[in-house]
Amino acid sequence: MKLHLKKYFKNNTEAAPLAVFRVFFGIMMFLSVVRFWSYGWIEKLYVQPKFFFSYYGFEFVQPIGHLTYVIFALCGLSAIFVALGYKYRLAILLFFLSFTYIELMDKTTYLNHYYFISVLSFLMIFLPANAYYSFDAKRKGISFQKIPQWTIDSIKLLLIIVYLYAGLAKLNSDWLVNAMPLKIWLPSKYDIPVLGYLMHQEWIHYFFSYSGAIYDLSIPFLLMYKRTRVFAFMLVVIFHILTRVLFPIGMFPYVMIVSTLVFFDSNFHHRVLKVLSRIFRIRKHFFDSGKTLKFKPRQKEIVLSFLSLFFVIQLFLPFRYLLYPGELFWTEEGYRFSWRVMLMEKAGYANFKIVDGKTGKRFYVDNDDFLTSFQQKQMATQPDFILQYAHFLKEHFENDGHQNVEVYVESYVALNGRLSSQYIDPTVDLGKQKESFKHKNWIIPFKDEIKGL
Amino acid sequence: MKKFLLSILTAVLFLSACSSGDDNEEQVTGKDAFDRKGMLINIADNIVMPAYHNFASDMAVLKTTTADFVASANVNTLLNLRSAWSEAYITWQTVSMYEIGKAEELSYRNFMNVYPTNTTGIEANISAGSYDLTTVSQQDEQGFAALDYLINGLSDTNTGTIEFYVDSSDGAKYKKYLTDLVERMDILTTTVVADWTNGYRDTFVANNGSSATSSLDKLVNDFIFHYEKHLRAGKIGIPAGVFTTETFDNKVEAFYKGDLSKTLFNANLSAMQDLFNGKHYASTTTGASFSSYLDFLNTIKNGEDLSQIINDQFDLSRSKASSLNEDFSDQVKTNNTPMLETFDELQKNVVFLKVDMLQAFSVRVDFVDADGD
């Protein structure tokens, strides 16, 4: 086994798949930034709001007013440099930093897809994606046609984890037994072309639930084997097109479709590059040097141990929820960063009450005074948001001259079509509660049971 | 390879063709097991438009009685004017929640019914004799609440009120302001009603998609917004001091008239419930509505009977409010507890409407990327 591994890490492979991946990734990311900008979302999500929800420990990451646009510009620009493979290492590092900074500014906008981009771009910092078919190679006058096998495989491994974990997360009673939340989401899509009339059919809800779970669990394997690869890729395209049509998930489907191309063998990627070369009049044969990129032993050792640690974290992080009591979907303790995609329809309402601890005088807060409607929606169903907002309110009203400020919340949450029920203990002064990784015992336990992973 | 690229290209084209509906109004091609268009037709033809027509004719009466009073200010014409004002104000409660189409464009509600009114501003306008009622900064000096001050608030007695209008130096100015206010309300109303009659009704009914700009999404959002801000908070919560540390007996609706605030509240509460149930205006017939849509969706997911729960909560709020004084201002001053209790009952339906009903309808609050996690 050990010998086997040792041999594996000595294997080399064509660099073309990684180069193609780099080019498409850069272009996709650039388009994502352009799209985000053109919708006015920078203004709406990061400039206009008065208050931002921070990740625990990252409170210092805040939007910087109109300069936030500069961060986005930097992000878009570095994405282009990644695509070109020009000063790649610096470009991908800047991309990772700017993109992650953007994501950390306000967790209201958290999406697994954004997390995926952060993780992937972090991984790419360590990969020789500019060894072949890049401006860097051209500049330095040396192109490596072959690179270590494990560099490309690390991207495949990440994709496998994403799909597999997304599939495992679907193995729960709400998804499989009740076809929830698709039973809520699909009927409202009655007006999409062609498929609209199907969206009210119960069998369709179950069909989508089951095929979604089977797809996620099987696609990594279907992509790995040459015989099933083309079929698998067709499934990838169909699946992501459907999700794009049915749900507002932006660029993610395109990113996934393009990413899975990395599973194809190098002949395919060489052909892609030939087409690109013809269009842009690039002399591809310069890059086809037959040379092999070799890491220095020490360097290889460091990168490999680092990436091993990275993947161990990736494998275990999604299971951290097991350390918390209560229903994961309800408390959301350990929910993020776990590839739990589209599993819940959760809606909530949180009415905050400011009480003078001495006199008992009280009044309710109008959330519109502090939060955008999108922030209110996210805040109302997630305890860490509720707590951070409560702390903000306490500080705000203390600065306004109110005395003995205590903050209580009357909140209700409905999960996957169940009738709403009270969410946070209304008798707990949230101003006194501290944020931590510990279980929040002021969350009222879930009344029902969801079986499964 | 070519085949491959071709299939991707086709896929992307298909994708963009299908998803263009996110940003635009879309036309419906698929069949719909629940007749959403029928629901919009029912709401437009049997609820919204009859209510608007009724309100427009009440406004016409208000305009005539104002003209009569201005022509000859006496106790008789004053009492006629007051009763026309009360009538119109009550009918207003059946149209105030439709901040959609022309009404939204004109900011109709804010020009018709902001309270408390700004009496200092009104007096300043009257003595200046010139003002631009179309500016947003003048919203507090016009509408039903300003009229309330002009016909009920100037004096405790009828003759005292009339004296303001027959005064040799300022009487004409008061008459002009009164006339201008009513004229402005009438123009706004006829504009909104004309728009519904001349085309908007069809636009409203045709926009039966599921995007954030579709009629249903807008109507549902308006409904909840009105319930929360104007019914729950405006009529009860704010005077009862729910959002502040003190009570405001002067922030009730129809403050100067006094004994009308409960009637207005009840009228609005019933109008909201009737809209929810698709009950035809001034009739007992019901048609397709939020309520029947909830029932339909429930046949898919077999959940709790949400429409019943919401209706029960409407009824509970009404019965809780029945113990209130006709004059909410008095109620706040003498015993605020029943006001707070009424607020609590109203509050419970905010949860059912905003959390449970919105979830069931799967109405989107905003157009941003979200994957439901």
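Model, not experiment: these values are computed from the prediction.
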Novice: What part of A:M180 gets closer than 4.5 Å to chain B, counting heavy atoms only: side chain, backbone, both or neither?
Specialist: side chain
Novice: Check each atom of B:F352 against the heavy atoms of chain A and say whether the ones under 4.5 Å are side chain, backbone, both or neither.
Specialist: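 For B:F352, the side chain is the part near chain A, not the backbone.
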Novice: Is the A:Y115 ring parallel, tilted or perpendicular to the A:Y110 ring (thresholds 30°, 60°)?
Specialist: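 Ring orientation of A:Y115 relative to A:Y110: tilted.
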Novice: Hey, which of B:K354, B:Q347, B:E246 has the most heavy atom pairs under 4.5 Å with chain A?
Specialist: B:Q347
Novice: Under 4.5 Å heavy-atom distance to chain A, tell me which part of B:L216 shows up: side chain, backbone, both or neither.
Specialist: neither
Novice: Can you tell which part of B:L353 gets under 4.5 Å to a heavy atom of chain A, answering side chain, backbone, both or neither?
Specialist: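 Neither the backbone nor the side chain of B:L353 comes within 4.5 Å of chain A.
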Novice: Under 4.0 Å between a Lys/Arg side-chain N and an Asp/Glu carboxylate O for A:K183 and A:E345?
Specialist: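 The answer is no: the pair does not qualify as a salt bridge.
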Novice: What part of B:E304 gets within 4.5 angstrom of chain A, counting heavy atoms only: side chain, backbone, both, or neither?
Specialist: side chain
Novice: Considering only heavy atoms and a distance below 4.5 Å, find which of A:A179, A:G348, A:A380, A:P181 pairs most often with chain B.
Specialist: A:G348
Novice: Between A:R336 and chain B, which part of the residue has a heavy atom less than 4.5 Å away: side chain, backbone, both or neither?
Specialist: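 Interface part for A:R336: neither.
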Novice: Name the region of A:D368, side chain, backbone, both or neither, that has any atom closer than 4.5 Å to a heavy atom of chain B.
Specialist: side chain
Novice: Select one option (side chain, backbone, both, neither) describing which atoms of A:N416 are under 4.5 Å from chain B's heavy atoms.
Specialist: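 Backbone of A:N416 only, per the 4.5 Å heavy-atom cut-off to chain B.
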Novice: With a cut-off of 6.0 Å (strictly less than), are more than 12 heavy atoms of other residues, nucleotides or ligands near NZ of A:K274?
Specialist: no
Novice: Before accepting this row, confirm whether a basic side-chain N of the pair B:D222/B:K229 lies closer than 4.0 Å to the acidic partner's carboxylate O.
Specialist: no
Novice: To the nearest 0.5 angstrom, please state how far the CD atom of A:Q382 sits from the NZ atom of A:K377.
Specialist: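 It is 10.5 Å, given to the nearest 0.5 Å.
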